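Since the structure comes first, as C-alpha coordinates, the remarks are kept for the end.
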Amino acid sequence: MRSLPLAFAAVLAAATLVPALPVHAAAVPTVQITRIWYNSPGSPDAGANSSLNGEYIQVKNTTRRAVSLKGWTIRDTTRRSDHVYTFGAFTLGAGKTVTLRTGKGKDTLTTRYWGRSGGTLAYIWNQTKDTGYLRDPSGKLVDSCSYNSSRAEYVNCA
(Lines give C-alpha, C1' and ligand atoms only; values in the text may rest on other atoms or scores of the structure.)
Protein backbone atom coordinates (compact mmCIF):
# COMPACT_ATOMS: atom_id res chain seq x y z
CA MET A 1 0.00 0.00 0.00
CA ARG A 2 2.90 2.27 0.64
CA SER A 3 4.05 2.18 -3.02
CA LEU A 4 0.81 3.78 -4.27
CA PRO A 5 1.41 7.11 -2.53
CA LEU A 6 5.06 7.11 -3.69
CA ALA A 7 4.01 6.36 -7.28
CA PHE A 8 1.43 9.12 -7.10
CA ALA A 9 4.08 11.52 -5.76
CA ALA A 10 6.44 10.59 -8.61
CA VAL A 11 3.74 11.24 -11.24
CA LEU A 12 2.87 14.53 -9.59
CA ALA A 13 6.52 15.60 -9.51
CA ALA A 14 7.02 14.64 -13.17
CA ALA A 15 3.92 16.59 -14.20
CA THR A 16 5.26 19.75 -12.59
CA LEU A 17 8.50 19.45 -14.58
CA VAL A 18 6.75 19.50 -17.98
CA PRO A 19 7.14 23.01 -19.36
CA ALA A 20 3.97 24.81 -20.29
CA LEU A 21 3.50 26.02 -23.86
CA PRO A 22 3.82 29.76 -24.26
CA VAL A 23 0.48 31.55 -24.41
CA HIS A 24 1.20 32.87 -27.93
CA ALA A 25 1.78 29.35 -29.31
CA ALA A 26 -1.91 28.55 -29.17
CA ALA A 27 -2.88 31.91 -30.67
CA VAL A 28 -0.92 31.62 -33.94
CA PRO A 29 -3.46 31.74 -36.78
CA THR A 30 -3.34 29.09 -39.49
CA VAL A 31 -3.36 31.85 -42.11
CA GLN A 32 -1.57 35.03 -41.15
CA ILE A 33 -0.39 38.38 -42.45
CA THR A 34 3.39 38.28 -42.76
CA ARG A 35 4.27 41.63 -44.34
CA ILE A 36 2.79 44.94 -45.45
CA TRP A 37 4.89 46.99 -47.87
CA TYR A 38 3.22 50.36 -47.41
CA ASN A 39 5.69 52.86 -48.87
CA SER A 40 5.99 51.80 -52.50
CA PRO A 41 8.77 53.17 -54.72
CA GLY A 42 7.67 56.44 -56.29
CA SER A 43 4.76 57.13 -53.98
CA PRO A 44 3.15 59.45 -53.50
CA ASP A 45 2.73 60.04 -57.18
CA ALA A 46 -0.12 60.09 -59.65
CA GLY A 47 -0.93 56.46 -58.89
CA ALA A 48 1.03 54.78 -61.66
CA ASN A 49 0.32 51.03 -61.84
CA SER A 50 3.97 50.16 -61.15
CA SER A 51 3.87 52.26 -57.98
CA LEU A 52 0.49 50.85 -56.91
CA ASN A 53 1.86 47.33 -57.34
CA GLY A 54 4.88 48.34 -55.25
CA GLU A 55 2.61 48.35 -52.21
CA TYR A 56 1.29 45.00 -51.09
CA ILE A 57 0.29 42.71 -48.26
CA GLN A 58 1.46 39.11 -47.90
CA VAL A 59 -0.54 36.29 -46.35
CA LYS A 60 0.92 32.89 -45.45
CA ASN A 61 -0.70 29.52 -44.85
CA THR A 62 1.17 28.14 -41.84
CA THR A 63 -0.43 24.69 -42.01
CA ARG A 64 0.43 21.45 -43.81
CA ARG A 65 -2.80 21.49 -45.78
CA ALA A 66 -4.22 23.76 -48.46
CA VAL A 67 -6.72 26.39 -47.30
CA SER A 68 -9.50 27.82 -49.45
CA LEU A 69 -9.51 31.61 -49.15
CA LYS A 70 -12.77 32.02 -51.08
CA GLY A 71 -14.75 34.77 -49.37
CA TRP A 72 -11.87 35.85 -47.08
CA THR A 73 -11.27 39.60 -46.93
CA ILE A 74 -8.37 41.97 -46.45
CA ARG A 75 -8.87 45.61 -45.56
CA ASP A 76 -7.19 48.53 -43.84
CA THR A 77 -8.60 50.86 -41.19
CA THR A 78 -10.44 52.98 -43.75
CA ARG A 79 -14.18 52.32 -43.57
CA ARG A 80 -14.66 52.72 -47.34
CA SER A 81 -16.04 49.68 -49.19
CA ASP A 82 -13.44 50.07 -51.94
CA HIS A 83 -10.73 49.37 -49.34
CA VAL A 84 -11.94 45.78 -48.94
CA TYR A 85 -10.46 43.00 -51.08
CA THR A 86 -12.44 39.76 -51.22
CA PHE A 87 -10.77 36.60 -52.46
CA GLY A 88 -12.65 34.75 -55.17
CA ALA A 89 -12.09 31.05 -55.77
CA PHE A 90 -8.50 30.74 -54.55
CA THR A 91 -6.68 28.03 -52.62
CA LEU A 92 -3.47 28.83 -50.74
CA GLY A 93 -1.21 25.80 -50.70
CA ALA A 94 0.31 24.31 -47.58
CA GLY A 95 3.12 26.54 -46.30
CA LYS A 96 2.67 28.96 -49.22
CA THR A 97 2.45 32.75 -49.32
CA VAL A 98 0.27 34.91 -51.54
CA THR A 99 1.07 38.55 -52.31
CA LEU A 100 -1.88 40.91 -52.79
CA ARG A 101 -0.73 43.93 -54.84
CA THR A 102 -2.79 47.12 -54.93
CA GLY A 103 -2.70 47.79 -58.69
CA LYS A 104 -3.70 45.80 -61.74
CA GLY A 105 -2.17 42.64 -63.16
CA LYS A 106 -2.83 39.00 -63.99
CA ASP A 107 -3.66 36.84 -60.96
CA THR A 108 -1.40 33.82 -60.40
CA LEU A 109 -0.97 31.16 -57.71
CA THR A 110 1.40 33.44 -55.79
CA THR A 111 0.19 36.96 -56.66
CA ARG A 112 -3.28 38.51 -56.63
CA TYR A 113 -4.21 42.05 -57.69
CA TRP A 114 -6.63 44.41 -55.97
CA GLY A 115 -7.21 46.04 -59.38
CA ARG A 116 -7.07 49.64 -58.22
CA SER A 117 -6.18 52.63 -60.40
CA GLY A 118 -7.04 56.27 -60.69
CA GLY A 119 -4.53 58.49 -58.98
CA THR A 120 -3.25 59.01 -55.48
CA LEU A 121 -6.52 57.87 -53.88
CA ALA A 122 -5.97 54.39 -55.35
CA TYR A 123 -3.36 53.53 -52.70
CA ILE A 124 -4.61 51.33 -49.86
CA TRP A 125 -1.85 51.48 -47.26
CA ASN A 126 -1.12 54.82 -45.61
CA GLN A 127 2.57 55.76 -45.65
CA THR A 128 2.91 56.35 -41.92
CA LYS A 129 0.24 54.48 -39.93
CA ASP A 130 -2.34 51.81 -40.76
CA THR A 131 -3.58 48.32 -39.90
CA GLY A 132 -4.26 45.37 -42.17
CA TYR A 133 -7.10 43.01 -41.21
CA LEU A 134 -7.61 39.45 -42.45
CA ARG A 135 -11.09 37.97 -41.95
CA ASP A 136 -12.58 34.60 -42.83
CA PRO A 137 -15.83 34.32 -44.86
CA SER A 138 -17.97 34.60 -41.69
CA GLY A 139 -16.30 37.94 -40.87
CA LYS A 140 -14.26 36.58 -37.97
CA LEU A 141 -10.93 38.36 -37.50
CA VAL A 142 -8.17 35.84 -38.21
CA ASP A 143 -5.15 38.16 -38.04
CA SER A 144 -4.13 41.81 -38.09
CA CYS A 145 -0.91 43.76 -38.46
CA SER A 146 -0.27 47.41 -37.62
CA TYR A 147 2.53 49.86 -38.26
CA ASN A 148 3.29 53.39 -37.14
CA SER A 149 6.43 54.65 -38.81
CA SER A 150 7.40 56.86 -41.72
CA ARG A 151 11.04 55.78 -41.39
CA ALA A 152 10.45 52.35 -42.95
CA GLU A 153 8.95 51.08 -46.19
CA TYR A 154 7.40 47.90 -44.81
CA VAL A 155 6.57 45.99 -41.65
CA ASN A 156 7.17 42.29 -41.00
CA CYS A 157 4.18 40.98 -39.11
CA ALA A 158 4.98 37.38 -38.27
Side-chain angles (χ1 to χ4, degrees), residues 18-45 47-158:
V18 175
L21 289 175
V23 174
H24 63 80
V28 174
T30 58
V31 179
Q32 65 186 102
I33 299 169
T34 56
R35 174 179 285 176
I36 301 175
W37 195 291
Y38 56 88
N39 191 5
S40 68
S43 68
D45 61 6
N49 193 55
S50 60
S51 183
L52 288 170
N53 282 334
E55 77 167 20
Y56 59 82
I57 187 169
Q58 291 182 318
V59 175
K60 182 175 184 174
N61 175 357
T62 62
T63 71
R64 290 190 213 158
R65 60 179 173 71
V67 175
S68 171
L69 294 185
K70 183 177 182 181
W72 289 55
T73 61
I74 293 179
R75 72 172 308 137
D76 73 338
T77 56
T78 304
R79 297 289 181 212
R80 294 174 29 189
S81 61
D82 65 336
H83 276 239
V84 178
Y85 176 85
T86 303
F87 283 94
F90 178 73
T91 300
L92 186 56
K96 300 296 183 186
T97 297
V98 63
T99 301
L100 174 59
R101 296 187 180 277
T102 300
K104 294 182 177 184
K106 183 179 178 183
D107 289 341
T108 68
L109 292 175
T110 58
T111 305
R112 308 309 268 183
Y113 293 88
W114 209 298
R116 295 180 57 84
S117 63
T120 57
L121 294 178
Y123 291 97
I124 294 294
W125 309 108
N126 297 329
Q127 290 183 321
T128 56
K129 179 181 178 183
D130 209 343
T131 301
Y133 300 96
L134 175 66
R135 295 184 184 275
D136 70 12
S138 70
K140 178 184 173 194
L141 181 65
V142 174
D143 196 21
S144 65
C145 177
S146 298
Y147 58 89
N148 186 5
S149 175
S150 60
R151 293 185 303 265
E153 297 172 331
Y154 65 90
V155 61
N156 287 325
C157 308

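Keep in mind that this is a model prediction, so the values were computed, not measured.
At a threshold of 4.5 Å between non-hydrogen side-chain atoms, the residues Y133 and T73 do not count as touching. Using a 4.5 Å heavy-atom cutoff, the side chains of I36 and Y147 are in contact. Taking 4.5 Å as the limit, every side-chain heavy atom of V59 sits out of range of all side-chain heavy atoms of L100. Using a 4.5 Å heavy-atom cutoff, the side chains of F87 and P137 are not in contact.
Listed by chain and residue number, nothing satisfies the side chain to side chain donor-acceptor pair (under 3.5 Å) test with T86 (two or more places apart in sequence, or in another chain). For R65, there are no side chain to side chain donor-acceptor pair (under 3.5 Å) partners two or more places apart in sequence or in a different chain. For S146, the side-chain contact (heavy atoms from CB on, under 4.5 Å) criterion is met by T131, not counting sequence neighbours. With sequence neighbours excluded, the residues that form a side chain to side chain donor-acceptor pair (under 3.5 Å) with S138 are D136. Partners of N61 under the side chain to side chain donor-acceptor pair (under 3.5 Å) rule, at least two apart in sequence or in another chain, are T63.
Annotation: disulfide bond (SG atoms under 2.5 Å apart) contacts involving residues 47-154, sequence neighbours excluded, comprise C145-C157. Within the structure, no pair that satisfies the salt bridge (charged side-chain N to carboxylate O under 4.0 Å, His left out) test touches residues 137-158, not counting sequence neighbours. Among residue pairs with one or both ends in residues 47-81, none qualify as disulfide bond (SG atoms under 2.5 Å apart); sequence neighbours excluded. Screening residues 62-83 for ring-ring contact (aromatic ring centres under 6.0 Å, His included) gives no qualifying pairs among residues at least two apart or on separate chains. Contacts classified as salt bridge (charged side-chain N to carboxylate O under 4.0 Å, His left out) and involving residues 75-100 (residues at least two apart or in different chains) are given here: R80-D82, D82-R116. Counting only residues at least two apart or on different chains, no disulfide bond (SG atoms under 2.5 Å apart) pair has a member in residues 88-141. Applying the ring-ring contact (aromatic ring centres under 6.0 Å, His included) definition to pairs two or more places apart or across chains, those involving residues 96-118 are Y85-W114.
How far OG1 of T34 is from CD of Q32: 7.0 Å, rounded to the nearest 0.5 Å. Note that the CD1 atom of I57 and the OH atom of Y38 stand 13.0 Å from one another [nearest 0.5 Å]. Separating the CG atom in N156 from the CD1 atom in I33 is a distance of 12.5 Å, to the nearest 0.5 Å. Remark: L69 CG to R112 CZ distance equals 9.0 Å, nearest 0.5 Å.
A66 and T91 get closest at one heavy-atom pair: CB-CG2, 3.6 Å. Of all heavy-atom pairs between Y123 and T102, the closest is CA-CG2, 4.4 Å. W37 and N39 get closest at one heavy-atom pair: NE1-O, 3.3 Å.
Side-chain atoms of Y56 never come within 3.5 Å of backbone atoms of S40 as a donor-acceptor pair (strictly under, hydrogens ignored). Formation of a donor-acceptor pair under 3.5 Å by the N49 side chain with backbone atoms of G103 is not found in this model. E55 contributes a side-chain N or O that, together with a main-chain N or O of I124, makes up a donor-acceptor pair within less than 3.5 Å.
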Margin query: Show, in sequence, the C-alpha distance, side-chain angles and deciding distance for D107 and F90, and conclude whether the side-chain contact (heavy atoms from CB on, under 4.5 Å) test is met.
Written below: CA-CA 10 Å; D107 289 341; F90 178 73; over 6 Å; no

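Residues T97 and Q58 bring no donor and acceptor atom of their side chains to less than 3.5 Å of each other.
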